[in-house]
Amino acid sequence: MAVVAVLQRSRVSDRDFTDYAVGGRSFGARYQAMSFLNTWYPGSMFTAFGALSVTAGVMSFYVLSYSLLTVVLLFVLARPVWLWGKAYDLRTQGDLFALRYGTKHIRSIAAAIGIVSGLPWLVLGMQALGNLFQAVSLGSLTFPAAVVVGVLVIAFRQIWTVRMGMRGVVISDYLQGLVAYVGGGLMLVGLIVWLVVAKGSTLASLDPKMFAIPSFGSKEGPLYLFALMFTGALGGWCWPYIFVRLFTADGVRSLKSSAALAVPLTFLFGVALLIFGMLASKVPEAAAKPDDVWFIVSEQAGGLVLLGLAGVVLLAASMGHTDGNIQAYGAQLANDLVGNYVDLNERRMIIVAKVGMLGLTLLASWIATLTLPALFSLAVLAYQGIIQLSVPQFLGIFWKRGNWQGAVGGMVAGFVTAVGLELAYSGLLPFGYGLTSGCFGLVVNLAVYVGCALLIPRSDEEERRIEGLFAVIAARGSAGAVRNSGFVAAGAQET
């Protein structure tokens, strides 16, 4: 209710689709940092990754490693992406691809990969609410019934996301992030103290297997941990709902400052959560039901009051992740799929985005109520697919030689390779030494991209177009220098 009240008070009418899709590029560092965290860390951090730290110990710290690396990459991406976004009115990840490679079709391919890959994670986020409502009902609700209740709550919340677009998402993320990661972080510290004092659970008392990592002879393979961290960090900015954060800031300085704020928050929250899970492995009830570790320990430590607070924290985290997903995908449906081939004015694009968001909410809500035992496997498979956007995205930003043939061919070949290997070997490749299917897809992707860049000549017109694009970055935000390069760049100052 507090979030809804804040949104109602802060409602601003959108002037155009840019306002709706990226909040008018108007947010400072504090909002950017909290919006990133509230979208990056889903509610399943407290359930799925909490459970992972209970069962796998230090192995679970890979999520913290790649999360920190993802924030560090923000420093690298901030300047070129924001300057291009401001100069050419980019609203989505697909817009950047179309601008860089000079073809509108790549916009739709990138959007399709992003939406298809993100849907399983959106559904998982909704299902995490099932754990919440089953826990706070003290088990009186069955899990399917609890999922239905959670879906109804989050679907009701999406009314404001659909109405207000990105502006509503960022504003609500600020409040939700404070509750989930500041309030939740303080709760985790308190629970760690309680586990040490009341339960006598310390790192020294844990089973030695909690400190084991995959190596030669292990089932996972010696490169498994590297693969998780590498693809996690590389893929972080491939998710459309994360990438769009680069367009919502009011300047490059705000983006870089937000990274400086996000690093300590990410570190402190991540360390607290994972150490909490490891220590909670000594609690028999949590070890028996690791997915519910957050609720079990909270109830044991503070009764119904702390259990209720644990539910509020997880709800805040879940709403932020779900809102970010749905808003980004709605914008992509309007801008990169429908609007890419149908001439829509600004008002109609906003209407299409709202209808798309509503449809996506209903679809994900329906799937979340179904019993799908392979859903988590599909989500893992989707991650191996989404990272195939990284080759044309990162190389396209920092290397002039790439062309649309390599970008499209590489993405498609890498996606097919990753999905094919994942389906054939169910995630554990006997010849990979721990490397995931996504890593092999990246190799194929990179080979096609670089091969096309070196073998296919570019026309003089294309050379001039690319040079003009990179002149925007080289101009250090000077609007005059950008205009002299022949491109519209009003207001493209680096602030």
Side-chain angles (χ1 to χ4, degrees), residues 2-3 5-41 70-71 73-75 77-93 95-96 160-182 236-237 239-266 316-317 319-328 330-332 335 350 353 477 491-495:
V3 172
V6 168
L7 290 177
Q8 282 293 102
R9 292 186 62 184
S10 60
R11 180 176 169 89
V12 176
S13 297
D14 296 306
R15 294 170 299 174
D16 52 29
F17 188 72
T18 297
D19 254 12
Y20 189 79
V22 297
R25 309 185 206 279
S26 59
F27 292 97
R30 289 182 302 156
Y31 279 92
Q32 284 292 123
M34 206 56 77
S35 183
F36 169 81
L37 286 173
N38 202 212
T39 305
W40 178 251
Y41 282 137
T70 297
V71 179
L73 277 176
L74 176 54
F75 281 97
L77 292 173
R79 187 166 177 275
V81 174
W82 191 88
L83 288 174
W84 277 347
K86 181 69 173 180
Y88 301 102
D89 194 28
L90 307 183
R91 286 85 67 97
T92 66
Q93 185 183 31
D95 271 350
L96 180 80
W160 283 268
T161 303
V162 171
R163 289 174 63 196
M164 297 182 64
M166 181 56 74
R167 194 181 304 276
V169 169
V170 176
I171 291 171
S172 61
D173 278 347
Y174 190 77
L175 175 59
Q176 290 160 184
L178 289 174
V179 172
Y181 310 110
V182 178
W237 289 104
W239 295 107
Y241 51 85
I242 296 297
F243 190 87
V244 73
R245 296 292 172 268
L246 296 170
F247 293 146
T248 58
D250 59 13
V252 175
R253 185 174 301 161
S254 290
L255 279 174
K256 292 185 175 181
S257 297
S258 72
L261 292 172
V263 166
L265 288 172
T266 298
M319 285 196 297
H321 184 74
T322 302
D323 292 347
N325 269 264
I326 290 175
Q327 194 283 332
Q332 284 192 307
N335 188 77
I350 293 174
Q493 291 89 346
E494 182 175 350
T495 58

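Just so it is clear, the values below take in all heavy atoms, side chains as well, and ignore hydrogens, waters and symmetry mates. All residue numbers refer to positions in the sequence shown, counting from 1. Predicted model, so just to flag it, every value in this text is computed and none were measured.
Partners of Y241 by ring-ring contact (aromatic ring centres under 6.0 Å, His included), not counting sequence neighbours, listed by chain and number: W239, H321. The side chain to side chain donor-acceptor pair (under 3.5 Å) search around W40 returns S67, not counting sequence neighbours. For the side chain to side chain donor-acceptor pair (under 3.5 Å) test, no residue two or more places apart in sequence or in another chain qualifies with T322. With sequence neighbours left out, the ring-ring contact (aromatic ring centres under 6.0 Å, His included) criterion links Y174 to Y31. In terms of the side-chain contact (heavy atoms from CB on, under 4.5 Å) criterion, residue partners of A21 (sequence neighbours excluded) are, by chain and number, F17, R91, A331. Partners of Q327 under the side chain to side chain donor-acceptor pair (under 3.5 Å) rule, at least two apart in sequence or in another chain, do not exist in this structure.
Contact between A260 and P264 at its shortest, heavy atoms only, is O-CD, 3.0 Å. Annotation for A316 and V179: closest pair CB-CG1, 3.9 Å, computed over non-hydrogen atoms. When all heavy atoms are compared, the tightest approach of A262 to F36 is CB-CD2, 4.4 Å. Between A29 and S258, the shortest heavy-atom distance links the atoms O-CB, 3.4 Å. Across all their heavy atoms, N38 and A180 have their closest contact at ND2-CB, 4.5 Å. Closest non-hydrogen pair, F75 versus A259, comes out as CE1-CB, 3.4 Å.
Between V81 and F243, some side-chain heavy-atom pair lies under the 4.5 Å cut-off. You'll find the side chain of S172 stays beyond 4.5 Å of the side chain of M319, heavy atoms only. M34 is listed as a side-chain neighbour of L265, based on a closest heavy-atom distance under 4.5 Å. In this structure, the side chains of P240 and T92 stay at 4.5 Å or more apart for every pair of heavy atoms. Residues Q93 and L96 have side chains not in contact (no heavy-atom distance under 4.5 Å, counting atoms from C-beta outward).
Note: T18 OG1 to R25 CZ = 5.5 Å, rounded to the nearest 0.5 Å. Separation of atoms CG (L37) and CD (Q176) is listed at 12.5 Å; rounding is to 0.5 Å. Between D89 atom CG and D95 atom CG the span is 8.0 Å, to the nearest 0.5 Å. Remark: D323 CG to D173 CG distance equals 6.5 Å, nearest 0.5 Å. If you take OG1 on T248 and CZ on R167, they are separated by 11.0 Å, rounding to the nearest 0.5 Å. Taken from CG in L77 to CG in L255, the straight-line distance is 9.5 Å, to the nearest 0.5 Å.
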Margin query: Run L261 and R30 through side chain to side chain contact (heavy atoms under 4.5 Å, CB included) and show every step you take.
Written below: CA-CA 7 Å; L261 292 172; R30 289 182 302 156; 4.2 Å; yes

Notebook entry, point to check: Under the side chain to side chain contact (heavy atoms under 4.5 Å, CB included) criterion, do Y41 and T266 qualify, and how do the steps go?
Noted result: CA-CA 9 Å; Y41 282 137; T266 298; 3.1 Å; yes

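Taking the ring centroids of Y88 and W82, they lie at or beyond the 6.0 Å cut-off.
With hydrogens and angles disregarded, a donor-acceptor distance shorter than 3.5 Å links the side chain of W237 to the backbone of T70. Looking only at distances, no side-chain donor or acceptor of S35 sits under 3.5 Å from a matching main-chain atom of Q32.
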